[in-house]
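Since the structure comes first, as structure tokens, the remarks are kept for the end.
Source: prediction; values computed, not measured.
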Amino acid sequence: MKVYKNKKIIFLYLAPVIIGLAVFVYYPLLCSIKDSLYQWVSYSADRKWVGFNNYIQIFSNKQIWIILKNNVLYAVISVICQVFLSMVLAACLEEIFMRRFQRFFRTILFLPSLISMSVIGLLWKCIFNPNTGLLNTFIHAIGFENATPMWLGDATLAIFCCIFVSQWQYVGYCMLLDLVGIQKIPAELYESAKIDGAGSIKRFFYITLPMGKESMLVTAIITVIGSFKIFTEIQIMTGGGPGRATEVLATAMYRAAFINDEMGVASAYAIIIFVITLVLSLFQMKISHTGEE
């Protein structure tokens with residue numbers, strides 16, 4: 001009876017979470033899957049069953065490969081900066097000679113992640129303005145008066161400008177997660193390595209990276225998922241332009257839903273984003289064997 005009573009208490013505590021997930025996650029997900037199989041518009045009750053035609057329409061359009069390339073490029077650069085570079089920054093702040101300044105640099109680097117992405121997007125859009133922006137003004141001030149890059153107006157540069165803004169905002173957040181992971185590593189390991197003559201670089205590669213892989217996995221999952229859900233900075237800074245050169249899955253979904261009023265196609269984009277992020281997350285957890293230590 002005691003065991004049975006304990007089970008009832010456990011289910012009682014789990015019930016709010018399970019109900020919340022069912023109502024706000026799984027039910028909308030099932031609705032999106034169903035909606036992606038119909039052709040429908042916002043202000044009409046009429047729906048036409050089209051099966052997988054919405055998905056076929058998406059993947060038969062050549063634009064999808066530019067969209068996927070942009071998302072993959074986002075993910076690759078974000079992993080390099082937000083996973084590896086943030087670990088390097090965290091390791092630098094944990095060095096003895098930097099500990100007295102750690103609180104200052106930790107605050108400075110973490111501060112951008114506290115600012116709304118809408119504000120960040122508008123700020124950098126002004127900075128990248130080719131005529132009045134601070135960036136071109138600075139370039140002219142140092143002697144390159146004939147250099148006037150268009151930045152967000154250049155189809156080649158625009159996506160890299162958007163990616164840079166994301167890294168600038170979130171590298172401090174990932175660094176803070178890595179810093180917590182590094183501080184859990186026993187100090188005796190670093191002391192033994194110093195006695196054996198290992199310098200800072202060797203200690204980083206042979207102690208910090210292997211022992212901090214759990215925190216790096218967390219940042220990698222957050223980063224990769226975020227790279228395929230990226231929307232706000234692209235929408236505010238470029239709107240997917242110029243010429244849809246910076247279009248990503250989320251902005252394509254927004255365009256289909258609220259500009260073209262193709263709600264079925266938009267739902268199909270949402271399911272594609274869900275499947276990609278789910279598969280990548282499971283793959284990352286599988287190859288890293290997280291939770292075994």
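The line from CZ of Arg106 to CG of Leu176 is 6.5 Å long, rounded to the nearest 0.5 Å. Distance CG/Leu114 to CD1/Ile120: 10.0 Å, rounded to 0.5 Å. Rounded to the nearest 0.5 Å, atoms CG (Leu123) and CG (Leu134) are 8.5 Å apart. Here the straight-line distance linking atom OH of Tyr206 with atom OH of Tyr190 works out to 14.5 Å at 0.5 Å rounding. Here CD of Gln82 is found 10.5 Å from CG of Leu177. Values are rounded to the nearest 0.5 Å. How far CZ of Arg203 is from CD of Glu191: 10.5 Å, rounded to the nearest 0.5 Å.
A donor-acceptor pair is defined here as one N or O able to donate and one able to accept, closer than 3.5 Å; no such pair exists between the side chain of Asn136 and the backbone of Asn131. Side-chain N or O atoms of Gln169 include one that pairs as donor or acceptor with a backbone N or O of Ile115 at under 3.5 Å. With His140 contributing its side chain and Leu135 its backbone, the two residues share no donor-acceptor pair below 3.5 Å. When atom types are taken as modelled, the side chain of Asp154 and the backbone of Thr156 share a donor-acceptor pair closer than 3.5 angstrom. Side-chain atoms of Asn70 come within 3.5 Å of backbone N or O of Ala245 as a donor-acceptor pair. No donor-acceptor distance shorter than 3.5 angstrom exists from the side chain of Ser44 to the backbone of Val41, with no hydrogens or angles considered. The backbone N or O of Ile64 lies less than 3.5 Å from no partner atom in the side chain of Asn61, so there is not a single donor-acceptor pair. Although no hydrogens or angles enter the test, the distance criterion places no donor-acceptor pair under 3.5 Å between the side chain of Asp196 and the main chain of Ala198.
In this structure, a donor-acceptor pair under 3.5 Å is absent between the side chains of Asn54 and Ser36. Judged purely by distance below 3.5 Å, without hydrogens or angles, the side chains of Ser267 and Ser32 never pair a donor atom with an acceptor atom. Side-chain contact of Asp178 with Ser215: a donor-acceptor pair under 3.5 Å is present, judged by distance alone. Side-chain polar atoms of Ser78 and Gln167 form a donor-acceptor pair below 3.5 angstrom.
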Run the numbers on Glu262 and Arg255 for side-chain contact (heavy atoms from CB on, under 4.5 Å), then give the verdict.
-> CA-CA 9 Å; Glu262 298 175 334; Arg255 185 185 297 275; over 6 Å; no

Before giving the answer on side-chain contact (heavy atoms from CB on, under 4.5 Å), spell out for Thr251 and Arg244 the whole-Å C-alpha distance, their side-chain angles and the decisive distance to 0.1 Å.
-> CA-CA 10 Å; Thr251 56; Arg244 302 186 71 179; over 6 Å; no

Would you check, one step at a time, whether the test side-chain contact (heavy atoms from CB on, under 4.5 Å) holds for Leu152 with Trp124?
-> CA-CA 10 Å; Leu152 298 177; Trp124 281 96; over 6 Å; no

How far apart are the C-alpha atoms of Met87 and Met175, what are their side-chain angles, what is the distance that settles it, and do they pass the side-chain contact (heavy atoms from CB on, under 4.5 Å) test?
-> CA-CA 6 Å; Met87 178 59 83; Met175 180 211 67; over 6 Å; no

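Side-chain contact between Met211 and Ile182 is absent, with no heavy atoms from C-beta onward closer than 4.5 Å. Taking 4.5 Å as the limit, every side-chain heavy atom of Ile127 sits out of range of all side-chain heavy atoms of Trp151. The shortest side-chain heavy-atom distance between Ser118 and Ile236 falls under the 4.5 Å cut-off. With contacts defined as side-chain heavy-atom distances shorter than 4.5 Å, the pair Val265/Ile58 qualifies. Residues Trp49 and Leu37 form a side-chain contact, since some pair of their non-hydrogen atoms from C-beta on lies under 4.5 Å apart. By the 4.5 Å heavy-atom criterion applied to side chains, Leu68 and Leu249 are counted as neighbours. Taking 4.5 Å as the limit, every side-chain heavy atom of Gln39 sits out of range of all side-chain heavy atoms of Asn53.
Across Pro242 and Ala158, no two heavy atoms sit closer than the pair CD-CB, 3.9 Å. Closest non-hydrogen pair, Asp46 versus Trp40, comes out as O-CB, 4.0 Å. Contact detail for Cys162 and Tyr74: the closest heavy-atom pair is O-OH, 3.0 Å. Contact detail for Ile230 and Ser166: the closest heavy-atom pair is CD1-OG, 3.9 Å. Nearest heavy atom pair, residue Leu189 against residue Ile185, reads CD1-CG2, 4.0 Å. Nearest approach of Tyr38 to Val50, heavy atoms of both residues: C-CG2, 3.8 Å.
Transitive grouping of hydrophobic side chains (ILVMFWY, heavy atoms separated by less than 4.5 Å) brings Phe228 and Ile80 into a common cluster. Each of Ile77 and Val88 belongs to its own hydrophobic cluster when Ile, Leu, Val, Met, Phe, Trp and Tyr are linked at side-chain heavy-atom distances under 4.5 angstrom. No chain of hydrophobic side-chain contacts below 4.5 Å, direct or via other Ile, Leu, Val, Met, Phe, Trp or Tyr residues, connects Ile66 to Ile159. Tyr254 and Ile67 sit in two unconnected hydrophobic clusters of ILVMFWY residues. Membership requires side-chain heavy atoms under 4.5 Å apart, directly or through other members. Cluster annotation: Tyr27 and Val23 are assigned to distinct hydrophobic clusters (Ile/Leu/Val/Met/Phe/Trp/Tyr, side-chain heavy-atom contacts under 4.5 Å, transitive).
Counted within 6.0 Å of CD1 on Ile201, heavy atoms from surrounding residues, nucleotides or ligands total 12 or fewer; the atom is thus considered open. Under a cut-off of 6.0 angstrom, the local environment of CZ in Arg103 is sparse, with at most 12 non-hydrogen atoms contributed by other residues, nucleotides or ligands. Within a 6.0 Å sphere centred on OH of Tyr173, other residues, nucleotides and ligands contribute 12 heavy atoms or fewer.
Here Val25 is tied into one hydrophobic group with Val17, Leu21, Tyr26, each link being a pair of ILVMFWY side chains closer than 4.5 Å.
Test Val224, Ile225, Thr223 against Ser227 for side chain to side chain contact (heavy atoms under 4.5 Å, CB included) and you get one pass: Thr223.
The aromatic rings of Phe59 and Trp65 sit tilted relative to each other, their planes meeting at an angle between 30° and 60°. Taking the six-membered ring where tryptophan is involved, the planes of Phe105 and Phe101 are perpendicular, since the angle between them exceeds 60° and thus also 30°.
Salt bridge status for Lys69 with Glu247: absent, with no side-chain N to carboxylate O gap under 4.0 Å.
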